[in-house]
Amino acid sequence: MRALYMHILFVFAVLSSAPGESAPSVAPAESASPASESGASGESAELESAAPVESTESTETGATGEPAVASPPPVASATDDEKPGPARAPAQPEAPLLTEGFRRPGTYLHVAPGIASFNVLDPAFRQYAWGVSGGRSVARGRRFAAQLGGFFEHLAGPRDPAVDLLRLGGEFRIGASNERVFGYGLIRTGLDIAVIPKDVYFQRAALFFLLSVGAGVQGALGPRRRFLLGVEPSFDFTWPGVLILFRTRAFIGWRFG
């Protein structure tokens with residue numbers, strides 16, 4: 001009996017002591033969870049509240065690892081327009097336009113005291129001529145120059161038979177010039193009036209159309225480039241008839257204006 005009684009007491013002691021031992025082991029764990037959760041939430045709240053607020057004055061780490069300080073926005077001032085811009089190469093000054101000699105518009109007068117000519121188809125047919133011409137000189141830009149006017153010439157033919165030509169018409173010169181020299185192409189067109197003795201062709205005059213094509217050069221001399229000196233070789237064609245003259249016209253002149 002005594003052994004049975006001791007056995008019952010031992011079982012009862014074991015059963016009564018099991019809840020007491022498990023409670024301490026479980027309770028701290030269960031009680032620690034809320035505390036840890038509250039602690040974690042508290043720490044996160046403190047970290048969030050302690051997180052730095054970024055501003056325009058904060059520094060940022062660049063790609064090279066060095067902090068780059070953001071510059072403040074520019075402030076407009078009244079003197080911004082007065083600040084010098086980027087340096088530029090100085091513009092080259094343009095050369096002044098020439099205004100004297102052949103570069104000055106005005107009128108001209110040419111006098112040809114001697115013109116030597118011969119018939120290309122009949123070199124024995126030679127003529128001596130003299131003439132006058134005049135018109136207007138124009139210039140544009142830096143080099144373009146022209147002369148537009150009219151002419152009159154008297155060509156004295158050979159005395160056997162005695163045939164004279166009176167010619168008149170318009171002339172046009174176009175080319176390039178500076179103040180002293182004018183080089184150009186020449187076109188003249190007009191009429192040739194042949195004065196023929198009556199005993200040769202039974203008539204006193206014949207009318208021909210004239211076209212002259214050539215070139216020339218003139219020089220302007222003197223203090224104001226008024227005195228002109230020039231020479232013009234050209235070919236003269238007449239129609240109807242077979243007359244092709246090669247002639248060289250030398251002349252002097254004067255520029256007005």
*Asks:* Which distance, rounded to the nearest 0.5 Å, do you find between the CG of D236 and the CD1 of I244?
*Replies:* 10.5 Å

*Asks:* Compute whether any side-chain donor of one residue and acceptor of the other, for R103 and S177, lie under 3.5 angstrom apart.
*Replies:* yes

*Asks:* Apply side chain to side chain contact (heavy atoms under 4.5 Å, CB included) to W254 and F227, showing your working.
*Replies:* CA-CA 5 Å; W254 190 261; F227 182 71; 4.1 Å; yes

*Asks:* So, the side chain of R225 versus the backbone of P223: is there a donor-acceptor pair under 3.5 Å, distance only?
*Replies:* yes

*Asks:* Within this structure, what is the CZ-CG distance for the pair R136 and L148, rounded to the nearest 0.5 Å?
*Replies:* 11.0 Å

*Asks:* Taking the side chain as everything from C-beta on, heavy atoms only, tell me whether F144 gets closer than 4.5 Å to I174.
*Replies:* yes

*Asks:* May I ask you to decide if E171's main-chain N or O and R188's side chain share a donor-acceptor pair within less than 3.5 Å?
*Replies:* no

*Asks:* Could you tell me how the ring of H110 sits relative to the ring of Y108: parallel (under 30°), tilted (30 to 60°) or perpendicular (over 60°)?
*Replies:* tilted

*Asks:* On the 0 to 90° scale, with breaks at 30° and 60°, tag the W130-F152 ring pair as parallel, tilted or perpendicular.
*Replies:* perpendicular

*Asks:* Does either side chain, that of Y184 or that of Q147, offer a donor lying less than 3.5 Å from an acceptor on the other one?
*Replies:* no

*Asks:* Evaluate R255 against S137 for side chain to side chain contact (heavy atoms under 4.5 Å, CB included), listing each step before the verdict.
*Replies:* CA-CA 9 Å; R255 181 184 61 81; S137 297; 5.5 Å; no

*Asks:* Drop me the distance from L168's CG to L191's CG, to the nearest 0.5 angstrom.
*Replies:* 6.0 Å

*Asks:* Roughly how far, to the nearest 0.5 Å, is the CG atom of D192 from the OG atom of S212?
*Replies:* 10.0 Å

*Asks:* Which pair of non-hydrogen atoms, one from V231 and one from F251, has the smallest distance, and what is that distance?
*Replies:* N-CE2, 3.9 Å

*Asks:* Please name the pair of heavy atoms, one in L166 and one in H154, separated by the smallest distance, quoted to 0.1 Å.
*Replies:* CD2-CD2, 3.6 Å

*Asks:* Nearest 0.5 Å, what's the CG-CD distance between L210 and E153?
*Replies:* 8.5 Å

*Asks:* Is F209 reachable from I193 through a run of hydrophobic residues whose side-chain heavy atoms are each under 4.5 Å from the next?
*Replies:* yes

*Asks:* Under 6.0 Å from the ring centre and within 45 degrees of the ring axis: does the NZ or CZ of R104 meet both conditions for the six-membered ring of F102?
*Replies:* no

*Asks:* May I ask you to test the Q218-R173 pair for a side-chain heavy-atom distance under 4.5 Å?
*Replies:* yes

*Asks:* Rounded to the nearest 0.5 Å, how far apart are CZ of F237 and CG of L211?
*Replies:* 7.0 Å

*Asks:* Determine the minimum heavy-atom distance between F246 and P233, stating which atoms define it.
*Replies:* CZ-CB, 4.3 Å

*Asks:* Among side-chain atoms of S133 and R249, is any donor-acceptor pair under 3.5 angstrom?
*Replies:* yes

*Asks:* Under 3.5 Å, is there a donor-acceptor pair between the side chain of R226 and the main chain of G101?
*Replies:* no

*Asks:* Among the clusters formed by ILVMFWY side chains lying less than 4.5 Å apart, do F151 and F256 turn up in the same one?
*Replies:* no

*Asks:* If every non-hydrogen atom of D164 is compared with every non-hydrogen atom of A156, which pair is closest and at what distance?
*Replies:* OD1-CA, 3.5 Å

